[in-house]
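These notes are about the structure you will find just below.
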Amino acid sequence: MRQLLITSALPYANGHIHIGHLVEYLQTDIWVRFQKMIGNRAVYVCADDTHGTAIMIRARAEGRSEEALIAEMSEAHQRDFAGFGIEFDHYGSTHSEANRAVCHEIWAALRAADMIVEEDIAQLFDTEQGTFLADRFVRGTCPRCGSKDQPGDNCGSCGATYSPVDLVDPVSTLSGSRPEIREAKHLFVRIEKMHDFLAEWTQSGTIPTESANYLKNFFLHEPLRDWDVSRPAPYFGFEIPDSPGNYWYVWFDAPIGYIGATAEWCERQGEKLDDWWRSDRTEVHHFIGKDIQYFHTLFWPAELKTAGFSLPTQVHIHGFLTVDGEKMSKSRGTFIRASKYLEHLDPEYLRYYYATKLSSRVEDLDLNLGEFVARVNSDLVGKVVNLASRTAKFVAESGLSAEYPDDGGLFTRFAERGAEIAAAYENGDYGKAMRMIMELADQANPYVEEKAPWELRKDPAKARELQDACTVALNLFRTLVIYLAPVLPSLARKTGELFGETITSWSQAGTPLTGRPIAKFSHMMQRVDAAKVEAMIAESREEAAAEAPATAPEAKTREDSGDALAANPIAAEIGIEDFLKTDLRVARIVAADEVPEAKKLVKLTLSLGGESRRTVFAGIKSAYAPADLVGRLVVVVANLAPRQMKFGVSEGMIIAAGPGGEDIFLLSPDDGAVPGQRVG
RNA sequence: CGCGGGAUGGAGCAGUCUGGUAGCUCGUCAGGCUCAUAACCUGAAGGCCGUAGGUUCAAAUCCUACUCCCGCAACCA
């Protein structure tokens, strides 16, 4: 019997679970259930990831403590997971004493290994908010080219990279105030010390080949940079014991949460943590998304190795979810929260659909809504459940035959495929497992067809034959359900009830049931109603629109949400003279050309009236077709310094609102404005 | 030459590692059945396996080049 410790990435306490997250938790849950069914000892732990600036800022904005915020989110997360049948053995929080203790332990080991270095860093400090500002919370004027309103780490105009402290006229996006420069001590992990170990470990088969290559090409080909793991107060997190006033960066304590949560589970179960994290006997399996492999395959093993913990046996990495071939989109209604899904649809549908799409490769997974409906209905309802619903009632009185009848080897064939299907589950090739199971299901229905129990029952002399046929069909059905049980726990439970047993073990599939009563049959699974899918999408779209006023023209002024403003607060005050430096002009788009090689850009030719023409590259390709742009009036920043871009020189910038992606909204003057007129 | 993945009947995919009759599900069409949740069964149509070369007795499969698509990275909202 193998002993397995299994984790999914810790969901961040700043947001709700959506169907994209669920790919990972369902993938993990299926694997865990499978392992338990084949008799391995598997423990599935997870926790909320609770620390960091984002949590602190949000708690402040909502006028409550961080603890209150994360408690509420943890509850919401666990409710969503439970709704999808995701069963953790323990669900903790990174904000726990258990986790703090492990952080201390790992920290001490890093110190002992002389892997911690200190360095003073000049950082911007927002005096109004009383906090240091991460790069993304600062904007200002580029020190090199003078472009205004640039991000804190690099200039979007000239491409210069710099530190936020170098910005001319920096502005805090939290308060709009001008931050001051303060020196602060930061602590770094000198991960380069583990370079040789990591180079070997990442190529050892523990992680998918694609990922190993990625790490080799992007990080391990040169010395690894020191990892900044501290943040000065105020910060919501754990204070570093030997560096008062400094806190561990959220990404330091997040993975450690795996161990912290395990420690809590051990405490409750009377187990020893060392049996799970410092033992060759226990395999550690992480399930993560490709976006965070960097943390899990470099820093994490380096820390574990240094502190003498077990290294991950395997890191299972999955891709992202797309819906109908596109990224999840709020405006399209495909950004679907777990709780919203559950209001409309059975979680087993999604469990099955994802299972049919998952493999051991790092691939994105597409939720095609039309296919979703068709697959679930034809596979689960039409093929599998149908076997029971067309035969169970014929044996309601007689029960199953006392001896398993001659079925021409059908059941044996079903049983023999078990090992192969199990291997597919083990390897994470759920799609392959589902295909094999459905292949079997496709053999079962013709059997029923051939035996025609509805004919047999007309002749009392054939009662025995009828009972035998149904015994075969129901046993085939039962075996299929056992194979599907890791994916469809609810169907497995109902099937168990039909047969008067509990489905807990894979080996049950190998032996047919005989001589026992069959419970009254009732529908085990409803067909997917496409209308409900549509309703779910429509509601998601409406709710997203209500949250983001910029994307909801129908929203009236009094209903506008404050989110857009909160997300991007008003900049520092300026005088009229500053504003007048910006020369905004009305311009007419006289030509709009595709820039085929560019992802975001459209090449515009603007007329400022008369013979005056400008070429401007605008990043609006995702929102506007060039043909729709020609002729319309826009507002252009006319005195912006020309900028050399990959595809040509851009001589200005057109003004637009919106968060980006498909949600970009060009500003246009009302009728009557003429190209060349100044906007002021 | 930025990194990676992909291209197989109308749709979604398997098959590619380990060359040897091109397969599955859905959809379509024609029958059948009526036990079953407009479910199920039988049959049919539909593919020169992205393109062009090469290796081989034999290529969807191996090799080379190219084209297109999708992620990620870069590009002014």
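Quick note on labels: first sequence line is chain A, next is B, and so on, each numbered from 1.
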Pairwise C1' distance for C72(B) and G10(B), with rounding to whole Å: 31 Å
Distance test, side-chain N/O of K393(A) to OP1/OP2 of A36(B), below 4.0 Å: yes
Listed nucleotide nearest any side-chain atom of P446(A), set A36(B), U25(B), U42(B): U42(B)
For A14(B), the Watson-Crick or wobble partner whose two distances fall under 3.5 Å: none
Nearest-nucleotide pick for E371(A), side chain only, options being U25(B), C35(B), G12(B): G12(B)
Donor-acceptor pair present, E449(A) side chain and G32(B) base, under 3.5 Å: yes
Spacing of the C1' atoms in C13(B) and G47(B) (rounded, Å): 15 Å
Interatomic distance, D442(A) CG vs A39(B) C1' [rounded to whole Å]: 14 Å
Euclidean distance for P, C41(B) against A36(B) (whole angstrom): 16 Å
Nearest-nucleotide pick for W454(A), side chain only, options being C26(B), C40(B), C33(B): C33(B)
Euclidean distance, atom CZ of residue F320(A) to atom P of G71(B) [Å, nearest integer]: 12 Å
U64(B) and G6(B), which share atom name P, separated by this distance in whole Å: 15 Å
Euclidean distance for C1', C63(B) against U56(B) (whole angstrom): 12 Å
Centroid separation Y483(A) to F414(A) less than 6.0 Å: no
Nucleotide forming a Watson-Crick or wobble pair with G71(B), both distances under 3.5 Å: C3(B)
5′-ward residue of the pair E439(A)/V381(A) relative to RNA chain B: E439(A)
Atom P, compared across A44(B) and U25(B): separation rounded to whole Å: 13 Å
Mutual orientation of the aromatic rings belonging to Y425(A) and Y430(A) [parallel < 30°, tilted 30-60°, perpendicular > 60°]: tilted
Distance, rounded to the nearest Å, where N368(A) contributes CG and U25(B) contributes P: 19 Å
A39(B) phosphate, OP1 or OP2, under 4.0 Å from R527(A) side-chain N/O: yes
Phosphate contact (C35(B) OP1 or OP2) by R457(A) side-chain N/O below 4.0 Å: yes
NZ/NE/NH1/NH2 to OD/OE distance under 4.0 Å, E420(A) and R417(A): yes
5' priority, RNA chain B, between K357(A) and A618(A) [closest heavy atom]: K357(A)
Side chain of D364(A) - closest among C26(B), U42(B), G71(B): G71(B)
H316(A) and F287(A) aromatic ring geometry - parallel, tilted or perpendicular at 30°/60° bounds: parallel
Sugar-phosphate only, base, or nothing, as touched by V385(A) at under 4.0 Å among non-hydrogen atoms: base
Under 3.5 Å on both distances, the Watson-Crick or G-U partner of U64(B): A52(B)
Watson-Crick/G-U partner (both atom distances under 3.5 Å) of G19(B): none
Sugar-phosphate, base or nothing in reach of M438(A), heavy atoms under 4.0 Å: nothing
R375(A), nearest nucleotide to its side chain (from C13(B), U25(B), U42(B)): U25(B)
Heavy-atom closest contact (G20(A) atom, M328(A) atom, distance): N-SD, 4.0 Å
Sugar-phosphate only, base, or nothing, as touched by M524(A) at under 4.0 Å among non-hydrogen atoms: base
Plane angle bin for W251(A) and F295(A) - parallel if under 30°, tilted between 30 and 60°, otherwise perpendicular: parallel
Carboxylate-amine/guanidinium contact E497(A) K520(A), below 4.0 Å: no
For C35(B), the Watson-Crick or wobble counterpart (both distances under 3.5 Å): none
Close side-chain approach of V385(A) to L491(A), heavy-atom, < 4.5 Å: yes
Separation of atom CE in M653(A) from atom C1' in C75(B), rounded to whole Å: 14 Å
Sugar-phosphate, base or nothing in reach of N445(A), heavy atoms under 4.0 Å: sugar-phosphate
Separation of atom CG in D379(A) from atom P in C40(B), rounded to whole Å: 10 Å
Sugar-phosphate only, base, or nothing, as touched by E455(A) at under 4.0 Å among non-hydrogen atoms: sugar-phosphate
Separation of C35(B) C1' from L456(A) CG (nearest whole Å): 11 Å
N386(A) CG to U37(B) P, straight-line distance once rounded to whole Å: 8 Å
C70(B) and G12(B), which share atom name C1', separated by this distance in whole Å: 16 Å
Euclidean distance, atom CZ of residue F394(A) to atom C1' of C35(B) [Å, nearest integer]: 4 Å
U21(B) to A65(B) separation - P atoms, rounded to the nearest Å: 29 Å
